[in-house]
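Bear in mind that the values here come from a model prediction, so they are computed numbers and not experimental data.
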Amino acid sequence: MDLKIDVSQENIQQPLNVFIKCSQHHYHTSVAARETAQALKTLAQAARGVAASTNDPEAAHAMLDSARDVMEGSAMLIQEAKQALIAPGDTESQQRLAQVAKAVSHSLNNCVNCLPGQKDVDVALKSIGEASKKLLVDSLPPSTKPFQEAQSELNQAAADLNQSAGEVVHATRGQSGELAAASGKFSDDFDEFLDAGIEMAGQAQTKEDQMQVIGNLKNISMASSKLLLAAKSLSVDPGAPNAKNLLAAAARAVTESINQLIMLCTQQAPGQKECDNALRELETVKGMLENPNEPVSDLSYFDCIESVMENSKVLGESMAGISQNAKTGDLPAFGECVGIASKALCGLTEAAAQAAYLVGISDPNSQAGHQGLVDPIQFARANQAIQMACQNLVDPGSSPSQVLSAATIVAKHTSALCNACRIASSKTANPVAKRHFVQSAKEVANSTANLVKTIKALDGDFSEDNRNKCRIATTPLIEAVENLTAFASNPEFASIPAQISSEGSQAQEPILVSAKTMLESSSYLIRTARSLAINPKDPPTWSVLAGHSHTVSDSIKSLITSIRDKAPGQRECDYSIDGINRCIRDIEQASLAAVSQSLATRDDISVEALQEQLTSVVQEIGHLIDPIATAARGEAAQLGHKVTQLASYFEPLILAAVGVASKMLDHQQQMTVLDQTKTLAESALQMLYAAKEGGGNPKAQHTHDAITEAAQLMKEAVDDIMVTLNEAASEVGLVGGMVDAIAEAMSKLDEGTPPEPKGTFVDYQTTVVKYSKAIAVTAQEMMTKSVTNPEELGGLASQMTTDYGHLALQGQMAAATAEPEEIGFQIRTRVQDLGHGCIFLVQKAGALQVCPTDSYTKRELIECAHSVTEKVSLVLSALQAGNKGTQACITAATAVSGIIADLDTTIMFATAGTLNAENGETFADHRENILKTAKALVEDTKLLVSGAASTPDKLAQAAQSSAATITQLAEVVKLGAASLGSNDPETQVVLINAIKDVAKALSDLIGATKGAASKPADDPSMYQLKGAAKVMVTNVTSLLKTVKAVEDEATRGTRALEATIEYIKQELTVFQSKDIPEKTSSPEESIRMTKGITMATAKAVAAGNSCRQEDVIATANLSRKAVSDMLIACKQASFYPDVSEEVRTRALRYGTECTLGYLDLLEHVLVILQKPTPELKHQLAAFSKRVAGAVTELIQAAEAMKGTEWVDPEDPTVIAETELLGAAASIEAAAKKLEQLKPRAKPKQADETLDFEEQILEAAKSIAAATSALVKSASAAQRELVAQGKVGSIPANAADDGQWSQGLISAARMVAAATSSLCEAANASVQGHASEEKLISSAKQVAASTAQLLVACKVKADQDSEAMKRLQAAGNAVKRASDNLVRAAQKAAFGKADDDDVVVKTKFVGGIAQIIAAQEEMLKKERELEEARKKLAQIRQQQYKFLPTELREDEG
């Protein structure tokens, strides 16, 4: 019956749909009406059958009533359909039809719900809905039950609910009553499960965990409702398509949601989450052990051992805590122990991985990697996260919470990026990368700040405008982050993994296996402990836990043992020690052979090659000492590499040392080399033992002193053998280093891209010519020295090497700037050829030093020198091809500079009064020749100036002509000056100065012409050329005037003064130019040169007053030199290092001011010479005052250059302190000399004598030390006086201060001198070359000079000052030491006198003769004593005159 009703319902429902859709089509409507009638008939029969079969009258009435409602509604539906057909377009009719159809459908549903079972399902659904309302509260009360009980109840309720769900599914296949019963049971079980779930939610420790449980319970409620609805649908219409599948899916959903809740509650149980977290962490760190070829931390090897020990201790304690707390049910404490254990295991794994990495890279065949500057993966991850967050920000559908979440993500990742950039910029040494990281971080930070502002605005008002602003602000951030990510992806910043050798990997294996075993067993232990925390009453699980705990302990013990056994460098130290021991045995065998004169000579290699090998190996060993010491003290990973490298050098060291010794003829030299090599090997062995003990452990402080000591001994051994080798090298003239230097310079010529040129071809051409000629000169000298002094060839070869290095550099630049390129190639090729020639010449020089008498080697050297000279000419011709004109200018300039130097020499002769005429010539004999040659020079000058703008050939011709003419002119002027006679040196100097001015002007003109060659007319160099030409004409004119006036006594002084004024003006122009001087001089030099100005000013004033031509000439000559020297010194001092721009400007200004003032003075003297009046002479004082004022300012500027630390070197107090310190140094040097003395070797004599010699040395050493302290104390006292103001630190004007300083100086000098004499006397006495009397005298002199020093210092010192107390103590120490020495010497002398036995002659005549001889000797000694006393008195009287007054009074 139920099935019929269901079928009738469907049959009625389908025509209803047709009525609604097709009410305007007659045919379809009629068909639907018939079908509806048929279905209603079937429904009526079925309804009656159901009503008849039910025992519940109320249910029967309900079924019949609902069927009646269907019949009535269907009749109304057919009636309304008929009306709709009559009026097809009537909207109201259509609406009524739809309403009636809806009512019929509702009645049909009521009819179905009246079936048995359907109503029970609805009741069950309603019950579930009511029960689920318990989940809608904000918070749940905390649970009152223990966690295990609540967990057990939930599990039982979940099992019951799951079973009920299965019964519901099964009931849909049976009778309707079965479904009703199953639905009711399911509803009851759901209520129980819900109560158990709520109880479990009360167990949750956090609000978040509680809400997760509630959410899962809601999911179960929803799944349960869907299950009942699916069961109801299937029971109503078992043949409905897909109904069974839907029911099965609903049942599966209930089971899955129950399982999810059980799993969640299990995970949320105290300790469960910690266990899961621990397992995840252990799984993560396991990857570190897969291939440890990169460092995982900054731990050193011994830090790794300490970390393993500490973490194993923590792990042991936490494992005990896990077991105990699981047993007692203290789950919070259990979870805490699991967390601690997890951290300890991670620390153990990290330390093991780092230790394995260090073991791997410490193998000599491995190569260490290095950490990258940045992590590109971090940058890419941050970029992706920021982009996704920005998309969420600008998404119109984003809620306020999503926007805030996205903003948090952006802030987090941009902050991480900026921090990474900061760290990277601090680590990198690349300035470009540093700047880029900093700039990128700024861009990211700024764009983030702008975005945050727009996000705040959006959070306040979610308008479209604000969202658009936010979208615009994200663009620069995304762009900045993408750019930064792209830059960080540069391979340059990536990590480079280590290249670990197979031996290194094998060494790693025990550590890695132990660590992996530890991790696996720890994971099993934590899983077992997790299950025990929920169900502690499970004995088999406890035994499993104990097994895992035992495995973990064993694996950690194995790990510690493996790390200790595989300490880096230990194995290599053992191998190296064995190797060096073998080498020591070999060198001992060679030493024995050398002693027995049977050391076989090596004929397969030259002594030079052996010495080079030995030198190279010893140097390499020396370079390794500090790295090994550093590695042994704190870099374990490097220890193996360094000791292996060290040991590898010893076999070649022994071979080379034995080879060198075998070629030595001198047996002593042989033994020296072999012994020193053995000492080096033994010191290296000691070093290796110390390094092995240290092991690279920075905390093994007790080994560090031994390592340092061993390193020092090894360095001394290296130094000793290097001294021996250097001596041998100097003897045989090894030139390998020079050859390498020339070859390196040649190789730089082949470099593809030369540095950016800073000058023109002409500039480089000039320097190349200079160095080429220097090499040619050196080659000529080497030819000469090869015959006369072969031992000097080494220095010349070194000079040639240096010159070629400069030449190669400048030649490269000349080739780069030459046009066309063929010329540049030719220059480069010829400079390289010259390099080959220099190498051969240097090698021959070395060979000749080996065997100075080898005539064949001499011939070869001369041939090589000729070859070098030829190659120099080829270089010069290549340069000339580059620019023939400028090359000629360079040559001419060189010739002119030689002429200037020659004229300077002539001036020196003239000044000394030794420039004499030859053959009685007069000046008239040379005047015309001078004038004619000067005019020819003017013509050459014109050609030279015009040649700058013409062809190189014309320029070359003009340069050559001018050089020849100036040479000729200089010669005739020198002859003319000589003809004036040596009785008039000042006039001679005037004339030579005039031609020197012309030569200097020509030199400048040639330089300007060279610079202006081939330049356009408006080039600045053309203006320089015109200026130089103007100076040249002026100086030639001045020369002509001087020549004409030189014999006129009335005007030659005036003429000399005019020439000097012009010269000074030219020098001032050079001074005021912006050219930086080639060298600098000290400010003191500048101050010294101002004294010349002062003297010249006084001379000028005197000449102005006397108006004598001789005075004027002398003034002119002196002024020229004084002003020139002052300007040069001033400019050079102003560019002294660390001189500020302000002080430099000030110095240059006053240099100019001083010169201008002096020029005004000279011009005023010139006016006086033309019109001498008292008024004009009276004005001289004003001019001289101006010069004096400028000089004062100039001196102050020079003093400012020296800084605040400068003191006046002429200040007596400064001199005093300097002398005191000098005396102290002298005394310390003498003391060191004493320390090296040993008593002379002699046959065994009386012990007293031996004691005396030891006493002499000890006493002398004591005096030396005490006097050193004394002089230093005196120096401190001197500084204290200055600080107290009793003695000025400025130059002392008061006579007493000067006297005191002089007294202190002389006393300090006397102490130093007396101590030095004492040391010499002690040395001589010990060596048996001096008497004890001399020693006593020296000691007394030390005591006397010490007393004088104390008196000198006491004069002005504060008696209670600390320095004075130290001084007094030092003085007392000196006195005591001197007294001890005097007593010892006197005692020895007295004992010696007692011990000297006098042999008395027994014969009478012989006895008388003996008495007479003794009396004669006594009288002679008395006379010598008297003379010595007189001499001493005279010396003291002379010294007394120079003592300060205070000292005299004190002595008196």
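Judged by distance alone, the side chain of N1105 and the main-chain N or O of V1101 form a donor-acceptor pair under 3.5 Å. In this structure a side-chain-to-backbone donor-acceptor pair under 3.5 Å is missing from S1003 to K1000.
The closest side-chain heavy-atom distance from T1060 to N993 is not below 4.5 Å. A heavy-atom distance below 4.5 Å is not found between the side chains of L975 and I930. Looking at S1081 and Y1136, their side chains never come closer than 4.5 Å, going by heavy atoms from C-beta outward. By the 4.5 Å heavy-atom criterion applied to side chains, L1040 and L931 are counted as neighbours. Looking only at side-chain heavy atoms (C-beta outward), F1183 and V1165 stay at 4.5 Å or farther from each other. At least one side-chain heavy atom of S1073 sits under 4.5 Å from a side-chain heavy atom of K1131. Residues I1168 and K1177 meet the side-chain proximity criterion, which asks for heavy atoms closer than 4.5 Å. Side-chain contact check for T906 versus Q988: every heavy-atom pair is 4.5 Å or farther apart.
The line from CD1 of I966 to OG1 of T933 is 10.0 Å long, rounded to the nearest 0.5 Å. We find the CD-CD distance between E1193 and Q1196 to be 5.0 Å, quoted to the nearest 0.5 Å. The structure places SG of C1107 at 9.5 Å from CG of L1176, a figure rounded to the nearest 0.5 Å. Interatomic distance, E1062 CD to T1037 OG1, rounded to the nearest 0.5 Å: 9.5 Å. In this structure, the separation between OH on Y1150 and OG1 on T1090 is 15.0 Å, given to the nearest 0.5 Å. How far CE of M1126 is from NZ of K1121: 13.0 Å, rounded to the nearest 0.5 Å.
The number of heavy-atom neighbours closer than 6.0 Å to CD of Q1170, taken from other residues, nucleotides and ligands shown, is above 12.
Between A1096 and A1122, the shortest heavy-atom distance links the atoms CB-CB, 4.0 Å. When all heavy atoms of A999 and V896 are compared, the closest pair comes out as O-CG1, 3.3 Å. The two residues G1151 and C1130 make their nearest non-hydrogen contact at CA-SG, 4.2 Å. Between L991 and G976 the shortest heavy-atom distance is CD2-C, 4.0 Å. In terms of heavy-atom proximity, I1087 sits nearest to A1198 at CG1-CB, 3.6 Å. What you find for A1197 and V1143 is that their closest heavy atoms are O-CG1, 3.7 Å.
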Inset, instruction - Determine, stepwise, if the pair S1119 / Y1063 fulfils side-chain contact (heavy atoms from CB on, under 4.5 Å). - result: CA-CA 10 Å; S1119 301; Y1063 172 80; over 6 Å; no
Inset, instruction - Please lay out, stage by stage, how L1180 and L1161 fare under the test side-chain contact (heavy atoms from CB on, under 4.5 Å). - result: CA-CA 7 Å; L1180 282 169; L1161 174 62; 3.8 Å; yes
Legend entry - Steps toward side-chain contact (heavy atoms from CB on, under 4.5 Å) verdict (T1054, E1058): CA-CA 6 Å; T1054 307; E1058 288 173 349; 4.1 Å; yes
Legend entry - Residues F1071, T1155; criterion side-chain contact (heavy atoms from CB on, under 4.5 Å); working and verdict: CA-CA 10 Å; F1071 177 78; T1155 308; 5.8 Å; no
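Using a 4.0 Å cut-off between charged side-chain N and carboxylate O, D1125 and K1091 make no salt bridge. Using a 4.0 Å cut-off between a side-chain N of Lys or Arg and a carboxylate O of Asp or Glu, K1065 and E1163 qualify as a salt bridge. Under 4.0 Å is where a charged nitrogen must lie from a carboxylate oxygen, and between D1111 and K1099 no such pair does. With salt bridges taken as basic N to acidic carboxylate O contacts below 4.0 Å, one links R1186 and E1153.
Side chain to side chain, Q1066 and N1035 meet the donor-acceptor criterion of an N or O pair below 3.5 Å. Looking only at atom types and distance, the side chain of S1038 has a donor-acceptor partner in the side chain of R1055 under 3.5 Å away.
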